[in-house]
**Q** 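First, the structure itself, so that you have it in front of you.
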Amino acid sequence: MNSNYRSVKLEPKQAFKMAKTIHLALLAGQCLFAGVVLFLGKQSAAGPANDNQFIIIAAVLCVVAFAVGNLVYKQVIAAAVNKQTLTEKMAGYMSALIVKFALIEGASLFSIVSFLLTGNYFFLGIAAVMVVYFFTLRPNLDKAAEELGLTYEEKLEIEN
């Protein structure tokens with residue numbers, strides 16, 4: 001089978017810049033969605049719903065997203081450290097970040113949707129905690145260099 005598909009390999013500097021852009025876009029999406037839902041929630045005349053099951057699911061989902069996100073992140077980073085080239089290391093770093101971002105964002109969005117369905121502000125509190133945690137995950141070159149075991153030259157290649 002002849003395929004014209006070729007994987008795109010980003011230069012390390014581009015990959016790091018893209019990681020920061022993805023983080024910002026996902027963070028903005030969560031905040032905007034929460035704002036819209038909060039606005040709609042104030043407009044809604046729906047009464048309180050039975051939200052016990054949503055509270056349990058949201059709490060468990062947040063804990064699982066945090067734990068699994070950190071576990072997968074550490075495993076993928078550990079594999080990326082052993083790569084030979086900086087491009088391969090950065091590809092592993094991007095993969096680790098995207099998985100972690102997706103898990104945290106999913107838990108946050110579930111909490112926001114739960115607020116929309118129930119009107120219970122507790123869910124917005126959970127979402128706010130997840131958004132603040134998500135904000136702390138912003139890619140940082142010094143942290144990435146430490147986690148990936150980058151040499152000074154490799155770090156300079158990303159910076160310049």
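Because only heavy atoms are used, hydrogens play no part in the values below, and waters and symmetry mates are left out as well, while side chains stay in. When a residue number appears, it is its place in the shown sequence, counting from 1. As the structure is a prediction and not an experimental result, all values here were calculated from the model.
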**Q** On a heavy-atom basis, which atom in Asn70 and which in Lys100 lie closest, and how many Å separate them?
**A**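 What the structure gives for the nearest pair is OD1-NZ, 2.8 Å.
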**Q** At what distance, to the nearest 0.5 angstrom, does CD of Glu147 lie from CG of Leu150?
**A**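 Taking CD in Glu147 and CG in Leu150, the distance rounds to 10.0 Å.
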**Q** Output yes when a side-chain donor or acceptor of His23 lies under 3.5 Å from a complementary backbone atom of Leu97, and no otherwise.
**A**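 Not confirmed, His23 side chain does not pair with Leu97 backbone.
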**Q** Would you call Cys62 and Phe66 a side-chain contact if the rule is heavy atoms closer than 4.5 Å?
**A**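 No, their side chains stay 4.5 Å or more apart.
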**Q** Same cluster for Leu71 and Tyr73 if Ile/Leu/Val/Met/Phe/Trp/Tyr side chains link at under 4.5 Å?
**A**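 No, Leu71 does not connect to Tyr73 through the hydrophobic network.
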**Q** Is there side-chain contact between Val99 and Val76, with at least one heavy-atom pair below 4.5 Å?
**A**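 Side chain of Val99 against side chain of Val76, heavy atoms only: no contact under 4.5 Å found.
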**Q** Determine the minimum heavy-atom distance between Val131 and Ser108, stating which atoms define it.
**A**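 For Val131 versus Ser108, the nearest heavy atoms are CG2-OG, 3.6 Å.
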**Q** Look up atom CG in Leu38 and atom CG in Leu116, then write down how far apart they are to the nearest 0.5 Å.
**A**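 So the gap between those two atoms works out to 10.5 Å.
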**Q** Minimum heavy-atom separation for Met94 and Ile22, please, with both atom names.
**A**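 Answer, listing the atom of Met94 first, then Ile22: CE-CD1, 4.0 Å.
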**Q** Going only through I, L, V, M, F, W and Y residues with side-chain contacts under 4.5 Å, is there a path from Leu61 to Val68?
**A**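 No, separate clusters.
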**Q** Check for me, please, whether Phe101 and Val64 land in the same ILVMFWY cluster - side-chain distances under 4.5 Å, paths through other members count.
**A**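 No, separate clusters.
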**Q** Using a distance-only test with no angle check, is there a side-chain donor-acceptor pair under 3.5 angstrom linking Tyr93 and Glu88?
**A**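 No, because no side-chain N or O of Tyr93 sits under 3.5 Å from a partner of the opposite role on Glu88.
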**Q** Could you go through Val113 and Val37, starting from their C-alpha distance and side-chain angles, then the distance that decides it, and tell me whether this counts as side-chain contact (heavy atoms from CB on, under 4.5 Å)?
**A** CA-CA 8 Å; Val113 169; Val37 166; over 6 Å; no
**Q** Looking at side-chain heavy atoms only, is the closest gap between Ile126 and Tyr121 below 4.5 Å?
**A**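 No. Closest side-chain heavy atoms not under 4.5 Å.
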**Q** Quick one: pull up CD1 in Ile57 and OG in Ser114 and give me the separation to the nearest 0.5 Å.
**A**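 Rounded to the nearest 0.5 Å, the CD1-OG separation comes to 7.5 Å.
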**Q** Mind checking whether Val129 and Phe135 sit in one hydrophobic cluster, side chains of I, L, V, M, F, W, Y counted as touching below 4.5 Å?
**A**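 No, Val129 does not connect to Phe135 through the hydrophobic network.
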**Q** Of all heavy-atom pairs between Gly149 and Lys89, which one has the smallest distance, and what is that distance?
**A**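 Residues Gly149 and Lys89, closest heavy atoms: O-NZ, 4.2 Å.
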**Q** So which heavy atom on Phe16 is nearest to which on Asn140, and how close?
**A**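 Scanning both residues completely, I find the closest heavy atoms to be CZ-C, 3.5 Å.
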**Q** Check whether Ser95 reaches the backbone of Ala91 with its side chain - one donor and one acceptor, N or O, closer than 3.5 Å.
**A**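 Present.
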**Q** Counting only N and O atoms by type, is there a donor-acceptor contact under 3.5 Å from the side chain of Gln14 to the main-chain atoms of Glu11?
**A**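 Yes; judged by distance alone, with no hydrogens or angles, the pair exists.
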**Q** Assess whether atom CD of Glu159 is packed by more than 12 heavy atoms of other residues, nucleotides or ligands within 6.0 Å.
**A**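 Count over threshold, so yes.
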**Q** Would you check if Asp142 and Lys155 make a side-chain contact, meaning some heavy-atom pair closer than 4.5 Å?
**A**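 Touching, per the 4.5 Å side-chain cut-off.
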**Q** Would you kindly confirm whether Leu103 and Leu26 end up in one hydrophobic cluster when ILVMFWY residues are joined by side chain heavy atoms under 4.5 Å apart?
**A**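 Unlinked, Leu103 and Leu26 end up in two clusters.
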**Q** Are the side chains of Phe115 and Phe122 in touch, meaning some heavy atoms are under 4.5 Å apart?
**A**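 Contact flag for Phe115/Phe122 side chains = no.
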**Q** Which heavy-atom pair separates Phe134 from Leu27 by the least distance, and what is that distance?
**A**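 So the minimum-distance heavy-atom pair works out to CE2-N, 3.6 Å.
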**Q** Answer yes or no: is there a side-chain heavy-atom contact under 4.5 Å between Phe110 and Phe123?
**A**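 No, too far: nothing below the 4.5 Å cut-off.
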**Q** Would you call Glu157 and Tyr152 a side-chain contact if the rule is heavy atoms closer than 4.5 Å?
**A**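 No, every pair of side-chain atoms sits at 4.5 Å or beyond.
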**Q** Got a donor-acceptor contact below 3.5 angstrom from the Glu154 side chain to the Thr151 backbone?
**A**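 Yes; at least one donor-acceptor contact below 3.5 Å.
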**Q** Mind checking whether Leu148 and Met90 have side chains closer than 4.5 Å, heavy atoms only?
**A**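 Side-chain contact under 4.5 Å: yes.
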